[in-house]
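Have a look at the structure below before the remarks.
Being a predicted model, the structure only gives us computed values, none of them experimental. Whatever order the structure lists ligands and atoms in, that order sets their numbers, starting from 1.
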Amino acid sequence: MCGIIAYIGTRDATPILIEGLKRLEYRGYDSAGLAVISDGQVRVERAVGRVHVLEEMIQQDGGLPGTLGMAHTRWATHGAVNQANAHPHMDDVEKGHGIAVVHNGIIENHSVLKKYLKDKGHVFQSETDTEVLAHLIGELYKDDLELAVQNALKKVHGAYAIAVMCRKEPDTMVIARKGSPLMIGIGNDEYIVASDQSAIVAHTNQALTLEDYTVARLTRDSFRTTTVDNVPITPEIQELECDLGQIELGDFEHYMLKEIHEQPEAIRRSMQGRIDTATGNVVLGGISDHANELINARKIVMIGQGTALHAAMISEYLCEELTRIPCEVEFASEFRYRNPIVEEGTVVIAISQSGETADTLAALHEAKQRGAHSVGLVNVVGSTIARETDSGIYLRVGPEIGVASTKAFIGQVLVSTMLMTYIGRRRFLSTEHVDRLLGQLDRIPSQIEMVLQLSDHIKDAVARYINRDNWLFLGRGVNYPVALEGALKLKEISYIHAEGMPAAEMKHGPIALIDEGMPVVFIATRNSQYEKVLSNIEEVRSRGGHVIAVATEGDTEIASLCKEVFYVPDTMEHLQPLLTVVPLQLLAYHATVMRGHDVDKPRNLAKSVTVE
Ligand code: M6R
């Protein structure tokens, strides 16, 4: 995905755009660019690398004055990471109208359009699909930017959030969305357009989220929204709930560390008003209108990608245990392209932090088309998955900015637990069972606070293995997805190769990897599989592997088998992932800092993946 910020008003646009880009940088950070209209010209600066490189370039060039402008931070999809491919893109240099475009998404029919435009004499400067759109708008432009954008979008297939301006209309900006998020912040005689609210809240808390297929024309003191066929749309203005404190680093060095430490509070917030330990009730307003579909489901299919998929895998254990409804978990990307069996009574649960992941969204569409009832477990309020599911539960863990997902994972597992308890209670779960579970759940935030105190111990342990390039993460049962999550965290930010798998699977091949001193992390808490895990630990030890265990407080037996033990408090087996994942998040964090990599913006990644 990419980040878009645009401004029209009375203030100097460039500082607002640069500040906005910094807030949106987590959405993509291989290159950045900015354009303003000043003195009847569109002036553009683009740079490879982070936003600060662009900022320095603009300063060196004497600044970019102007009160209408747009900027973009890129995660490359079409074309290499270089200055020519960075946004904004312009229409034709020779015969163009000075039209600049920033875009998040993919124009799928760009090749056909490019050929059509080339035949008409257009000359392209980049390899991007976005430049094709800029030229197309230019080709259709007849002194009305809004109309040209509407007409161009009728010819486009794919996903887009765009902002467009034209040298010939220095008091107008046109924006549009289909499939990629875009919001308008409404200030006093000014509008701030952005991919998400993090770039808006510093200026105003009044905003509207553009719906798909909407085009908006903004001037300095008014705006109107229409369809691409120019039919007026009445927008709904909302008050933003997020405040600056939630998106600023505060005393933390990195967002990931901040978000790891926010987990206890995030869980408390997410449970607030949803769990009544006195009556043993789970109250989930977002699904109550569809309770029957859930209670009578014949099959539950859980979909997601990356960390969200790991949360879904944990939910599968919860679902079977608490509801006894058959449950399947699948990579959304695979579900989408199989011929999945969706029979009457199938419920599809899409899990996603961003609510914008293209694979998950596409799988959701497929499931809905085949007649499934759909539920979204999503963090970002108003995101596409949240809006397109029949019912849903927000994670309520607050904005997650670090690319490595941490508190969203905890939120996904927590919300799944509440959902499965809600369904189970209405099927066969006894009040005693629910009381015990909710009582234990209530203790999780303070138990995480205890685990967070292990941070220095984990850091010391990591230091001893920081030069090892291969790690294994092993677990059984509900802690097997935690092993996958531990490995994903380590590889995605520290670039250390790590594999997660069921502990029993190791002896079917991967055991050949184990040599003297190889770090092997076991999630070895006391539960129904504990004895089996101990046997697997012995298998690793006898081949020279160094065992690092996440174990249950008070388990002295395991200490003699391991080089390091990170103790977590005891809880019910099915709640253990909420505790056992925390040391693994800290492990990945410390390893990354020690290796000198960018914790919050790992190479090649972006916060959410909006392409299939
Ligand atoms: O926004 P989503 O939860 O749908 O994102 C899914 C994955 O792309 C995401 O979890 C990714 O794996 C993270 N980088 C993991 O830390």
TODO: Take Arg387 and Asp212, measure what salt bridge (charged side-chain N to carboxylate O under 4.0 Å, His left out) needs, and give me the verdict at the end.
DONE: CA-CA 11 Å; Arg387 286 185 292 127; Asp212 274 350; 5.2 Å; no
Task: CA sep, side-chain torsions, deciding dist, call: Glu400, Lys407, salt bridge (charged side-chain N to carboxylate O under 4.0 Å, His left out) - done: CA-CA 7 Å; Glu400 188 180 70; Lys407 65 175 179 174; over 6 Å; no
Check ligand 1 for N or O atoms under 3.5 Å from a protein N or O and list each pair with its distance.
from: ligand 1; atom 1: 1 (O); to: Ser354; atom 2: N; distance (Å): 2.9
from: ligand 1; atom 1: 1 (O); to: Ser354; atom 2: OG; distance (Å): 2.6
from: ligand 1; atom 1: 1 (O); to: Thr357; atom 2: OG1; distance (Å): 3.4
from: ligand 1; atom 1: 3 (O); to: Gln353; atom 2: N; distance (Å): 2.6
from: ligand 1; atom 1: 4 (O); to: Ser352; atom 2: OG; distance (Å): 2.6
from: ligand 1; atom 1: 4 (O); to: Thr357; atom 2: OG1; distance (Å): 2.4
from: ligand 1; atom 1: 5 (O); to: Thr357; atom 2: OG1; distance (Å): 3.4
from: ligand 1; atom 1: 10 (O); to: Thr307; atom 2: N; distance (Å): 3.1
from: ligand 1; atom 1: 12 (O); to: Thr307; atom 2: N; distance (Å): 3.4
from: ligand 1; atom 1: 14 (N); to: Val403; atom 2: O; distance (Å): 3.3
from: ligand 1; atom 1: 14 (N); to: Glu492; atom 2: OE1; distance (Å): 2.8
from: ligand 1; atom 1: 16 (O); to: Thr307; atom 2: OG1; distance (Å): 3.4
from: ligand 1; atom 1: 16 (O); to: Ser405; atom 2: N; distance (Å): 2.8
from: ligand 1; atom 1: 16 (O); to: Lys489; atom 2: NZ; distance (Å): 3.0
from: ligand 1; atom 1: 16 (O); to: Glu492; atom 2: OE1; distance (Å): 3.3
from: ligand 1; atom 1: 16 (O); to: Glu492; atom 2: OE2; distance (Å): 2.4

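Geometric assessment of Arg603 against the ring of Tyr495 yields a positive cation-pi assignment under the 6.0 Å and 45° thresholds.
Under 3.5 Å, the side chains of Thr73 and Arg23 contain no donor-acceptor pair of N or O atoms.
The side-chain heavy atoms of Leu575 and Ile444, taken from C-beta on, include a pair separated by under 4.5 Å.
Partners of Phe252 by ring-ring contact (aromatic ring centres under 6.0 Å, His included), not counting sequence neighbours, listed by chain and number: His261.
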